[in-house]
Amino acid sequence: GAVVSQHPSWVICKSGTSVKIECRSLDFQATTMFWYRQFPKQSLMLMATSNEGSKATYEQGVEKDKFLINHASLTLSTLTVTSAHPEDSSFYICSAGGGLADTQYFGPGTRLTVL
Amino acid sequence: GQSLEQPSEVTAVEGAIVQMNCTYQTSGFYGLSWYQQHDGGAPTFLSYNALDGLEETGRFSSFLSRSDSYGYLLLQELQMKDSASYFCAVKRSGATNKLIFGTGTLLAVQP
């Protein structure tokens, strides 16, 4: 099956710094990837749709200048959390669609802790 | 607005059958998916319904009624490893594979 990886799996940073998270599709090409955020014991909230070679589409309420998304190739999308604050601490998960798009394949997630 | 409601918690015993419901209200609907997520892990795909009726995959079955905006996931022969969160997700029409997730049901399987 399709495999999606994320790096790093966890990161701790100081308030005010920026953190980059990578999402890679390992055995298929993904023109579209998705970024989600999940707080403890809550659901996955779609943040943005990452489109290869074009600008990302952000969901309502998500600050595009704070959460920078770059999808420079068919196998890599990056999410940069700029000027991170403790309230940005969360589990960030990416996904990529497969085939006829009945399924999405999820990465293992990145746990971000901002001190 | 959009909403997908699921019961927050369900408890069942090993070997039993459990049904987890999902009611949705979305602008545009293409299909309903189900995902399993163990604590701290990534969601994994279980099942997908685009048409009314029952889809069966091993111990897992999923049902959809588009007219009622309702679906459910049925797990048979419960095992301890089935303890996890289960999310329904709507694939919206007109959007490229975009999923909106439900509130999730935490299933606890007891011996």
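Here the structure is a predicted model, which is why all the values come from computation and not from measurement.
With salt bridges taken as basic N to acidic carboxylate O contacts below 4.0 Å, none links A/K41 and B/E9.
Counted within 6.0 Å of CG on B/L51, heavy atoms from surrounding residues, nucleotides or ligands total 12 or fewer; the atom is thus considered open. A 6.0 Å sphere centred on CD of B/Q19 holds more than 12 heavy atoms belonging to other residues, nucleotides or ligands. A/H7 NE2: 12 or fewer foreign heavy atoms inside a 6.0 Å radius. Annotation: B/D68, atom CG; neighbour count of heavy atoms from other residues, nucleotides and ligands within 6.0 Å is above 12. More than 12 heavy atoms of other residues, nucleotides or ligands sit less than 6.0 Å from atom NZ of A/K66.
Put simply, OG1 on B/T103 and CG on A/L44 are 12.0 Å apart, with the number rounded to the nearest 0.5 Å.
Counting heavy-atom pairs closer than 4.5 Å to chain A, the top residue among B/P43, B/A42, B/S8 is B/P43. When A/E59, A/R111, A/M45, A/Q6 are compared by the number of non-hydrogen pairs under 4.5 Å with chain B, A/E59 comes out ahead.
When all heavy atoms of B/Q37 and A/F91 are compared, the pair lying nearest together is NE2-CE2, 4.2 Å.
Within the hydrophobic cluster formed by Ile, Leu, Val, Met, Phe, Trp and Tyr side chains joined at under 4.5 Å, directly or through other members, A/L76 stands alone, with no partner residue.
At a 4.5 Å heavy-atom cutoff, the contact between A/Q38 and chain B is made by side-chain atoms alone. Heavy atoms of A/L46 lying under 4.5 Å from chain B belong exclusively to its side chain. For chain A, no part of B/Q6 is nearby; none of its heavy atoms comes within less than 4.5 Å.
The main-chain N or O of B/G102 is found under 3.5 Å from a side-chain atom of A/S43 such that the two form a donor-acceptor pair.
The cluster map of Ile, Leu, Val, Met, Phe, Trp and Tyr, joined by side-chain heavy atoms under 4.5 Å apart, puts A/F67 and A/V19 in the same cluster.
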